[in-house]
There are 2 protein chains.
Amino acid sequence: MKEIPADRESLADQVYESIRDAIILGELIPGSLHSMYHFAAELHVSRTPVREALIKLADQGMVRFERNRGIRILLTTIHDLEEIFSLRLLLEVPATFRATDQFVASDRRQLRQALDALNELRPEDPKSSARDHLECDARFHRVIMKASGNQRLANFIDTLRDLQQVRGASTVGVTRDFQDVYQDHLDIYERITAGDAAGAAAAMKNHIALTARLLLAQEAGDVGSAPRFDLSWLDMFTANNVSAPQAPPRL
Amino acid sequence: MKEIPADRESLADQVYESIRDAIILGELIPGSLHSMYHFAAELHVSRTPVREALIKLADQGMVRFERNRGIRILLTTIHDLEEIFSLRLLLEVPATFRATDQFVASDRRQLRQALDALNELRPEDPKSSARDHLECDARFHRVIMKASGNQRLANFIDTLRDLQQVRGASTVGVTRDFQDVYQDHLDIYERITAGDAAGAAAAMKNHIALTARLLLAQEAGDVGSAPRFDLSWLDMFTANNVSAPQAPPRL
DNA sequence: TTCCAGAGTGTAGCATGCGACGTGTGACGT
DNA sequence: ACGTCACACGTCGCATGCTACACTCTGGAA
């Protein structure tokens, strides 16, 4: 776990980020039990900021307090993933539509930056690249969500993505390669910058829906028990009636 | 502010509910500044559980910590209401659709109970009735959200409704009377119990959209400066293409 | 050998001590 | 009369003391 630097930010916030990152990076095994004393000693702070950070993480569903026992690191279950992707589809698709109409130069610059970062990733180190990819992917989406003008929506999506990353699951390198995913994002970028709101929304919808299908099938396969997932009912709430090519162009 | 009872639940949680309710009930004036010492003395607890409760409230946007100054009670702004109603439309309409398909007997019983409570309300005491109405309204919606099977969605909607209630705004008795609102909910109830998912979703959409329009116009009028609100872009993401009567039947 | 009981260990939950800092106030100089 | 500065007060942020309780492990009895 990373040490706490000595700069001027709330200690509790720094501890929050440290523990959150440690969970996402898999340094804290889901299901394992820890104590506030342990975290406090590890991070060289007192129990108070640790407790405050853990309360936030418990609210987000990443850990659970067990009275007089410790703090349990929670695993993001398949059902959690279903909830997460349902919410992402319901929120990110309309937000992309809205963002396109409100996009300004600085948004475009940031989105381009995130896109380039995504393109420059190469699967040299398989382990770290997957994590890096999740990070870049998150940056790309965050720019769009913020541009939608709904701050609460952007924050909520952020917490959902954190939970998704706890699972550590990525389709990259498993059912899709870097280039496929890059192409998805390039589609979205081009439609947004072209001012094609309906097209951008449709591209985002296809991107998330494809990721959800592949990821749910892939993760469910890991545990053997694979109940069928049905996200198709979401179709009618994600503007399947907008004028966009049914099959988005692929190279 | 209500005192803390001596039963067995986390003190911090009880303090959270006390302060949240106090804000919603308007006992804590938005914009006013308070201290943790003040809350602790008032509720006869130490500063620790007070601080933990306030952290949660700050996360939800109901209060703000001002370092070495105190805790500021925040006002839900018009822009906040826009964000809230956008999210409610994007989430509650699909959730209603989904809930209809998964409704079980116990859900139906609870929904009926909430509906009856709504019907029995009468504007005898104008002040408390408005609050009671908001509470019953929240219960009705919560049953449906839980029945949708997405716990995160239900929780998120709950926090949004809390923020909405901070504003204390209700259309009841201003631009609509009790009977109109009851009719809205009766429509939703009947379509859900009839298994008409698309119809229930459409009814929920109309209900929320109408409330949003009236409330935003009404609240914006209070302060004089009334920028135009445009929630119409949400139409295509709330299943305007489902087979449902354009004008829902009214008695 | 098995079951039960009781003490020990470690934990969260809450109370409290303490330091740093922003703010307001009052005195002093001009 | 007005501007400036220093001091005192109140507050958060963090550290630490303390208590009740859940679990475990051991020892003895059946």
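So you know, we letter chains A, B, ... as the sequences are listed, proteins then strands, and number each from 1.
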I'd like a table of atom pairs between the protein and nucleotides 10-12 of chain C - only N or O on both sides, under 3.5 Å - with the distance next to each one.
{"from": "C:dT11", "atom 1": "O2", "to": "A:Asn68", "atom 2": "OD1", "distance (Å)": "3.3"}
{"from": "C:dA12", "atom 1": "OP1", "to": "A:Met36", "atom 2": "N", "distance (Å)": "3.2"}
{"from": "C:dA12", "atom 1": "OP2", "to": "A:Met36", "atom 2": "N", "distance (Å)": "3.2"}
{"from": "C:dA12", "atom 1": "O4'", "to": "A:Asn68", "atom 2": "N", "distance (Å)": "3.1"}

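- Taking the charged nitrogens against the carboxylate oxygens, A:Asp107 and A:Lys146 have no contact shorter than 4.0 Å, which rules out a salt bridge.
- Contact annotation: A:Thr48 side-chain N/O to D:dC14 OP1/OP2 distance is not under 4.0 Å.
- Applying the side chain to side chain donor-acceptor pair (under 3.5 Å) criterion to B:Arg112, with sequence neighbours excluded, gives B:Asp116.
- Here C:dG22 presents its C1' atom at 12 Å from CG of B:Leu33, a figure rounded to the nearest Å.
- A:Phe140 is linked by a ring pair (Phe, Tyr, Trp, His ring centres under 6.0 Å) to A:His185, counting only residues two or more places apart in sequence or in another chain.
- Partners of A:Ser46 according to the side chain to side chain donor-acceptor pair (under 3.5 Å) rule, which considers only residues two or more places apart in sequence or in another chain, do not exist here.
- When rounded to the nearest whole Å, the span between NE2 of B:His38 and P of D:dC9 equals 22 Å.
- In this structure, A:Ile55 atom CD1 and D:dG13 atom P are separated by 14 Å, rounded to whole Å.
- Take A:Arg64 and apply the side chain to side chain donor-acceptor pair (under 3.5 Å) test, not counting sequence neighbours, and it matches A:Glu66.
- Regarding B:His44, its NE2 atom lies at a distance of 15 Å from the C1' atom of C:dA15, rounded to whole Å.
- Rounded to whole Å, the distance from CZ on B:Arg64 to C1' on D:dC12 is 15 Å.
- Scored by the ring pair (Phe, Tyr, Trp, His ring centres under 6.0 Å) test, B:Phe156 finds A:Phe156 as partners (sequence neighbours excluded).
- Separating the CG atom of B:Leu11 from the C1' atom of C:dA15 is a distance of 11 Å, rounded to the nearest angstrom.
- Put simply, CD on A:Glu9 is 20 Å from P on C:dA20, counting in whole angstrom units.
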